[in-house]
Number of protein chains: 2
Amino acid sequence: MSQASRSGAAGLGAGLGIVLRPEHPLPLHAQIHRALRRRILDGRCPEGSLLPSENEMGEALGVSRITMRRAFDDLAAAGLVRRSRGRGTEVLRRPEQRPVLAHIDGLVEASLVMGRDTAVELLDFAYIPATADIAAALDIAPGAPVQHAVRIRREGGDIFSLARSWVPEALGRSFSREDMMHTPLVQLLERAGAEFGSAEQVLGAEAATPEAARALGVAPGSALLRVRRLSRDPRGVPIERMEVLYIPERYEYRMQFGPVKSMG
Amino acid sequence: MSQASRSGAAGLGAGLGIVLRPEHPLPLHAQIHRALRRRILDGRCPEGSLLPSENEMGEALGVSRITMRRAFDDLAAAGLVRRSRGRGTEVLRRPEQRPVLAHIDGLVEASLVMGRDTAVELLDFAYIPATADIAAALDIAPGAPVQHAVRIRREGGDIFSLARSWVPEALGRSFSREDMMHTPLVQLLERAGAEFGSAEQVLGAEAATPEAARALGVAPGSALLRVRRLSRDPRGVPIERMEVLYIPERYEYRMQFGPVKSMG
DNA sequence: CAGTGGTCTAGACCACTAG
DNA sequence: TAGTGGTCTAGACCACTGA
C-alpha cells in the first residue's frame, strides 16, 4: 500500500458524510467546498491522505464532475489540497506554519507601479561571490558570482526605502548597470525572459544599523520595516533574492484579503 | 451612453486582437488570460470599460463560453476585473496603489493555529466608547460602546506579541471575558455567526512606547513589527479591528506568493 | 425586455501516474 | 492498463442589470 491512502477508506464513504441541500442557500460547489474545508481543518481528512476522485465523489454526492472540480479547485487555490494528474487530490499539511497565500501577479504589478511612481538611485552594482546564505537561497554554489545591487527610492524627494538585491549571474548579465538605474528589477528580469511563478516573503522589523541609517537619512536605531523575498520561476528555479528596509513613516505594506474566487 | 463603454468599440474588435495557437504551448484559457492581462496592464483596455461579453468574445476567438469564463474568472481572481451579473466584466483601476491580494481563508486559519500553539494572557477587557477613528473603521456612531481587549501571547514562555482588538458591542456580547482567555478571537467571532468575507491589513514598524515595552518586556524604543487589520463579513459589514505589535526576534510575518490557480 | 454573468449537466479526449 | 486530474465543448436554466 502506498504512503497515501484514500480518505474514503476511513469510514466516511466516498461522500465523506456530506449532505447537500440542492436548492436554497449556497451553490452546490460552495456547499461542498465548505464541508470539505471543515473536514480538512478539523482533521477528519488526515494530512497526506487522498480525497476520493472527482468522478467517485461526484457520483456519491449526486453532482456532475464539473461541479466537484470547482469545489476541489477552490480548495487547491486556498492551499488546502494539492491536485496531481494521475495521482489524485492530496490533503496538504494542516496549516501549522503555513503562511498567508497571495497572488504572484499582484507582486509583479506592485513592483511595476513602484518603479513608475518613484525615483531610484543606484548606490552600488557589482558581481560578487555568493555568501553561504545567498548561495543557499539562490540554489547556486557558494562563491559563485552573483549580481548585487543597492539602491534607495524616493517619493517626492524624500527617501523611503533601501533595497538590496541578489541575482544569479547568468540572469544578471542580461541587463546593465544603466538599465538598473532606470527600470525596476522585476521588469528587467521579465524582459530577460524570467517569468515569476512563486515567491516567499517574510516581513519583520529591525533597528537601523549605522550604515542603513546613513543611507536612509534617519537616526541609528530607529525602527524600520524589513521585507525579504525570494522569487522563483514557474519551475521553482530561484530568480531573485531581495531585502528592502522601509522608513515606517513613509511606507506601509498593504494587503487585501478576499474570498477565494473573485474580489470586489 | 453609460459611464462604462465596451472595450470592443475601441477599435480592436470583440477579439481584442488576440490570436490563439490552438495546440502547442499553453492551454487556451491561459493564452487568453495572459493576453488580456497584458492589454489591461498597458492600458489598451481602459480602466472602467467593459470587456466584451463571454459569448461575444468566445465566438470571436473560436472557443466555448466555458473556456472564456475560465480566462475571465482568473482575471477576476487576480483583481484585474470585476464581474457583475447583468452588467458585464469591468476593467478595474490600474493597480496604482492596489494592495497585494490574499486569501481570506488563510487569515482565518492562521489565527486558529496561533491560538492553538501559543498561550494567551488577557490584560484588559472592557466595553468602552468608540473613539473617532475606531468608530469610523467599524462604521458605528462615535461614542457607541465597543468591546476592547488587550492581550499578550507567549510561545514557550516567551512573550512575543501584544494585541489590541475592538469589536462592535452586539457581536462582543456573544462571548465572555472567560472565552477570550481561552479561545482565539477569530474563533469566537465565527462561533457567534460572524463570517469572515474580506479584510484589509497594513504592516508597518514602530518604536516601542514605554507602555508597550513594559507589556512586552523589551527596551523602550526597540523596533516592533505592527500589523493592523480590519475584517468584514461577506456583505462588507465590519466585524473586528485589530492591532498587534510583535517582537521581531520572535515573530516574522510570512507569506507565500503563487499562481492564480492552485499551489504546489 | 434582451443581454449578462452564475450555475449545472453530459460527454469527450488527453497526459500523466500508478501498479 | 486502469484511473486520475486537465482541458474543452455544447447546451441549458437562472438571477440580475439596464434601457
Side-chain angles (χ1 to χ4, degrees), chain A residues 1-9 14 20-33 49-59 61-77 81-91 234 259-264, chain B residues 1-9 14 20-33 49-59 61-77 81-91 234 259-264:
Chain A
M1 178 157 175
S2 82
Q3 63 183 35
S5 65
R6 292 223 103 92
S7 291
L20 300 178
R21 276 151 322 185
E23 278 304 320
H24 307 91
L26 283 176
L28 293 176
H29 66 80
Q31 293 182 42
I32 299 170
H33 171 84
S49 68
L50 295 176
L51 292 176
S53 75
E54 297 174 346
N55 279 319
E56 187 180 355
M57 193 158 178
E59 197 170 350
L61 295 180
V63 301
S64 76
R65 184 192 161 205
I66 303 294
T67 300
M68 276 307 309
R69 271 193 71 71
R70 169 82 188 257
F72 279 178
D73 279 346
D74 289 353
L75 289 173
V81 302
R82 173 175 44 210
R83 323 199 66 197
S84 318
R85 191 157 44 180
R87 218 166 84 72
T89 299
E90 178 190 356
V91 177
V260 174
K261 281 281 207 175
S262 86
M263 322 266 326
Chain B
M1 179 161 174
S2 80
Q3 62 182 31
S5 64
R6 292 224 104 92
S7 290
L20 300 178
R21 275 151 325 185
E23 277 304 321
H24 307 92
L26 283 176
L28 293 177
H29 66 80
Q31 294 182 42
I32 299 170
H33 171 86
S49 67
L50 295 176
L51 293 176
S53 75
E54 298 174 344
N55 280 319
E56 187 180 356
M57 193 159 178
E59 197 169 348
L61 295 180
V63 302
S64 76
R65 183 188 162 208
I66 304 293
T67 301
M68 276 307 309
R69 271 193 72 72
R70 169 80 189 259
F72 280 177
D73 280 346
D74 288 353
L75 289 174
V81 301
R82 173 176 44 211
R83 322 200 67 199
S84 319
R85 189 158 45 179
R87 219 166 81 72
T89 299
E90 178 191 356
V91 177
V260 175
K261 283 283 211 175
S262 84
M263 321 268 325

Atom [atom1] of [X] and atom [atom2] of [Y]: how far apart are they, to the nearest 0.5 Å?
X: A:R87; Y: A:R82; atom1: CZ; atom2: CZ; result: 6.5 Å
X: A:E59; Y: A:S53; atom1: CD; atom2: OG; result: 9.0 Å
X: A:T89; Y: A:R69; atom1: OG1; atom2: CZ; result: 8.5 Å

Grab the [atom1]-[atom2] distance between [X] and [N] for me, whole Å please.
X: B:N55; N: C:dA2; atom1: CG; atom2: C1'; result: 13 Å
X: B:L50; N: C:dT4; atom1: CG; atom2: P; result: 10 Å
X: A:E56; N: D:dT4; atom1: CD; atom2: C1'; result: 11 Å
X: B:R87; N: C:dG3; atom1: CZ; atom2: C1'; result: 14 Å
X: A:L51; N: D:dT4; atom1: CG; atom2: P; result: 13 Å
X: B:E90; N: C:dT4; atom1: CD; atom2: P; result: 16 Å
X: B:D73; N: D:dC8; atom1: CG; atom2: P; result: 14 Å
X: B:M57; N: C:dG3; atom1: CE; atom2: C1'; result: 18 Å

Smallest separation among heavy atoms of B:V91 and B:V81, with atom names: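 What the structure gives for the nearest pair is CA-CG1, 4.3 Å.
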Give me the atom names and distance for the closest heavy-atom approach of A:M68 to A:G58.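 In this case the closest contact between A:M68 and A:G58 is CG-CA, 3.2 Å.
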Are the side chain of A:Q31 and the backbone of A:L26 linked by a donor-acceptor contact shorter than 3.5 Å?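 At least one qualifying donor-acceptor pair exists.
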Listed by chain and number, what are the side-chain contact (heavy atoms from CB on, under 4.5 Å) partners of A:P27, not counting sequence neighbours?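 By the side-chain contact (heavy atoms from CB on, under 4.5 Å) rule, A:P27 matches A:H29, A:A30.
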Kindly write out the residues that satisfy side-chain contact (heavy atoms from CB on, under 4.5 Å) with B:R85, not counting sequence neighbours, or none if the list is empty.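 side-chain contact (heavy atoms from CB on, under 4.5 Å) check on B:R85 returns nothing, list empty.
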Could you spell out the base pairing of DNA chain C as a dot-bracket line? Use Watson-Crick and G-U wobble contacts where both distances are under 3.5 Å, [ ] for crossing pairs, | for partners on a different strand. ||||||||||||||||||.
Could you check which of D:dT7, D:dT4, C:dT17 has an atom nearest any side-chain atom of B:H29?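 Of the options given, the side chain of B:H29 lies nearest D:dT7.
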Where the side chain of A:P27 is concerned, which of D:dG6, C:dT17, C:dC8 is the nearest nucleotide?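 When the side chain of A:P27 is considered, C:dC8 is the closest of D:dG6, C:dT17, C:dC8.
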With a cut-off of less than 4.0 Å, is there a side-chain N or O of [X] near OP1 or OP2 of [N]?
X: B:R70; N: D:dT7; value: yes
X: A:S84; N: C:dC16; value: no
X: A:S53; N: D:dT4; value: yes

Please write out the pairs of protein N or O atoms and N or O atoms of nucleotides 9-15 of chain D separated by less than 3.5 Å, giving the distance to one decimal.
from: D:dT9; atom 1: OP2; to: B:S64; atom 2: N; distance (Å): 2.8
from: D:dT9; atom 1: OP2; to: B:S64; atom 2: OG; distance (Å): 2.8
from: D:dT9; atom 1: OP2; to: B:T67; atom 2: OG1; distance (Å): 2.5
from: D:dA12; atom 1: N6; to: B:R65; atom 2: NH1; distance (Å): 3.0

Any B:R70 side-chain heavy atom under 4.5 Å of B:D74 side chain: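 A side-chain contact exists here, since the closest heavy-atom pair is under 4.5 Å.
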